[in-house]
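As structure tokens, the structure follows; a few thoughts come after it.
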Protein chains: 2
Amino acid sequence: MLSMQLPNGVEWTAHCLVVLEQFGSTQPVPSAALAEAYGLSPTYLNKHLQKLAANGLVTSTPGQAGGFALARPAQEITLADVVDALDGRGPIFRCTEIRCQGLFKERSAEIKASGPCRIASAMRQAEDAWRSSLSQVSITDLAAGVDAHSRQQLSEFIDRKHPEGEHQP
Amino acid sequence: MLSMQLPNGVEWTAHCLVVLEQFGSTQPVPSAALAEAYGLSPTYLNKHLQKLAANGLVTSTPGQAGGFALARPAQEITLADVVDALDGRGPIFRCTEIRCQGLFKERSAEIKASGPCRIASAMRQAEDAWRSSLSQVSITDLAAGVDAHSRQQLSEFIDRKHPEGEHQP
DNA sequence: GCGTCCGTACTCGGATAATCTCTGTCCGAGTTGCCGAGG
DNA sequence: CCTCGGCAACTCGGACAGAGATTATCCGAGTACGGACGC
């Protein structure tokens with residue numbers, strides 16, 4: 001038995017967003033290229049990117065030479081946005097108010113009037129700390145950690161897929 | 001589609017620990033009584049309490065008049081301990097190092113040498129903030145939020161199950 | 001030579017199975033307390 | 001009256017199904033580019 005963990009699509013799309021940052025909002029990158037670059041399942045990655053598009057993080061352009069591109073400046077996209085988009089911003093801890101059940105069913109109104117459940121409060125506070133930490137990390141910060149060699153390698157690979165205005169007889 | 005959330009056993013056992021705090025480490029409380037008090041599944045709650053016992057949070061005494069009791073002072077048991085015991089202290093975010101896969105498979109050593117993955121670092125930092133917040137809330141703090149009427153109601157209910165030295169012809 | 005039309009190839013997008021964790025339930029092993037018999 | 005043995009009931013503990021979410025995959029709808037045709 002392992003433990004609670006958030007969908008691994010978060011990791012995938014986070015890396016993809018860093019790649020998209022490298023190419024700006026002008027040049028769309030197909031999901032198939034991103035998947036091939038990182039050795040991921042193309043269709044499944046596409047599914048995750050769709051969620052990001054539905055939440056307004058990236059724009060999707062269909063047709064030839066289409067793909068995904070950042071919808072906003074990279075500084076304005078944070079890890080919290082990614083998690084919210086993929087995981088549905090639902091609270092990690094869902095209070096079912098069991099303090100008002102069983103023996104205490106009759107007094108639920110009285111109990112709730114005496115104050116909020118402290119367990120739920122503590123959990124929410126911890127979750128706020130988590131989200132706050134995530135919201136302070138933008139795609140720009142993440143991109144700064146990629147070494148130059150990898151960036152160049154990516155650039156060449158994507159440009160090979162998009163012969164945008166050069167060579168080839 | 002809902003969202004990632006931690007097992008609801010956390011909520012159950014947290015409330016149960018508050019009850020156990022009320023009775024101290026002297027008087028064991030059966031899991032069946034706790035389940036009936038809060039209207040929960042007796043066997044499933046038992047399963048969760050077993051995990052707490054396995055992690056040294058509570059002591060389990062078998063036989064008649066047995067049950068569960070706190071293994072440590074309530075101040076020394078925090079919500080972080082509960083989450084770790086039930087959820088297996090595994091990290092929420094598991095980095096699979098996809099930055100070293102696909103195109104970059106050949107250069108994995110070089111990339112890892114250039115520094116840790118910033119996505120993983122940010123995630124770990126956020127998780128640390130979460131754990132830190134949880135570790136600052138003890139069972140004592142939670143017990144302070146229970147109204148007196150509920151405490152008395154619980155005391156009467158449990159004592160009725162444990163006629164410890166009084167009445168009955 | 002230029003504009004228009006059509007075909008093709010590529011993209012995203014949603015609908016469809018397989019796998020795994022969590023949820024819930026059951027029954028067995030072990031221990032304690034009680035009751036009766038014996039000294 | 002005290003001690004010992006057996007019985008019964010209750011407890012925890014782990015093994016056994018079911019539901020839900022995540023993971024993974026496939027195929028269809030739509031769009032933009034490229035070339036061919038007609039003017």
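Numbers restart at 1 for each chain; the letters A, B, ... are given by sequence-line order, proteins then strands.
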Item checked: Nucleotide nearest B/Asp87 (side chain, heavy atoms from C-beta), chosen from C/dC26, D/dG13, C/dC22 -> C/dC22
Item checked: Separation of atom CZ in A/Phe68 from atom P in C/dC10, rounded to whole Å -> 17 Å
Notebook entry, point to check: At their closest point, which heavy atom of B/Leu154 faces which heavy atom of B/Gln22, and how far apart are they?
Noted result: CD1-OE1, 3.9 Å
Next item on the list: Starting from the 5' end of DNA chain D, give me the residue, A/Leu45 or A/Pro62, whose nearest nucleotide shows up first.
Entry: A/Leu45
Item checked: Atom-to-atom span, CG of A/Asn55 to P of C/dG13 - whole angstrom -> 12 Å
Checklist line | Pair A/Asn46, A/Thr43: side-chain N/O donor-acceptor within cut-off below 3.5 Å | finding: no
Check: When you check the side-chain N and O atoms of B/Glu97 and B/Gln101, is any donor under 3.5 Å from an acceptor?
Finding: no
Note to self: Once you apply a heavy-atom cut-off of 4.0 Å, does B/Ser41 come out as touching a base, just sugar-phosphate, or nothing?
What the structure shows: sugar-phosphate
Check: Which whole-number value in Å describes the distance from A/Gln64 CD to D/dG30 P?
Finding: 18 Å
Item checked: side-chain N/O A/Gln50 vs C/dG14 OP1/OP2, d < 4.0 Å -> yes
Next item on the list: Please state how far atom CZ in A/Arg94 lies from atom C1' in C/dC22, giving the value in whole angstrom units.
Entry: 13 Å
Notebook entry, point to check: Across the strands shown, which category fits A/Gly9 at heavy-atom distances under 4.0 angstrom: base, sugar-phosphate, nothing?
Noted result: nothing
Next item on the list: Rounded to the nearest angstrom, tell me the gap between atom CE in A/Met4 and atom C1' in C/dT21.
Entry: 13 Å
Margin query: Under a 3.5 Å cutoff, is there a donor and acceptor pairing between the side chains of B/Glu21 and B/Thr140?
Written below: no
Next item on the list: State which of C/dG24, C/dC26, C/dC12 makes the closest approach to the side chain of B/Lys47.
Entry: C/dG24
Notebook entry, point to check: Nearest to the side chain of A/Ser60 - D/dT22, D/dC26, C/dC12?
Noted result: C/dC12
Notebook entry, point to check: Which of parallel (below 30°), tilted (30 to 60°) and perpendicular (above 60°) describes B/Trp12 and B/His48?
Noted result: perpendicular
Margin query: Distance check needed: C/dG24 P versus B/Lys51 NZ, whole Å only.
Written below: 13 Å
Item checked: Rounded distance (Å) that lies between atom P of C/dT11 and atom CD of A/Gln27 -> 13 Å
Checklist line | Phosphate OP1/OP2 of D/dG13: any B/Asn46 side-chain N/O under 4.0 Å | finding: no
Margin query: The side chain of B/Thr43 is closest to which nucleotide in this list: D/dG13, C/dT25, D/dT23?
Written below: C/dT25
Notebook entry, point to check: Quick one: do the B/Arg99 and A/Ser150 side chains pair a donor with an acceptor below 3.5 Å?
Noted result: no
Item checked: Nearest listed nucleotide, side chain of B/Ser31, among D/dT31, D/dC10, D/dC12 -> D/dC12
Check: What nucleotide among C/dT32, D/dC12, C/dT25 has an atom nearest to a side-chain atom of B/Tyr44?
Finding: C/dT25
Margin query: I want to confirm an ordering. Mapping A/Pro7 and A/Gly63 to their closest nucleotides on DNA chain D, which one lands closer to the 5' end?
Written below: A/Pro7
Note to self: Just N and O in the side chain of A/Asn8: are any of them under 4.0 Å from OP1 or OP2 of D/dT22?
What the structure shows: no
Checklist line | Interatomic distance where CD belongs to B/Gln5 and C1' belongs to D/dT22 [whole Å] | finding: 14 Å
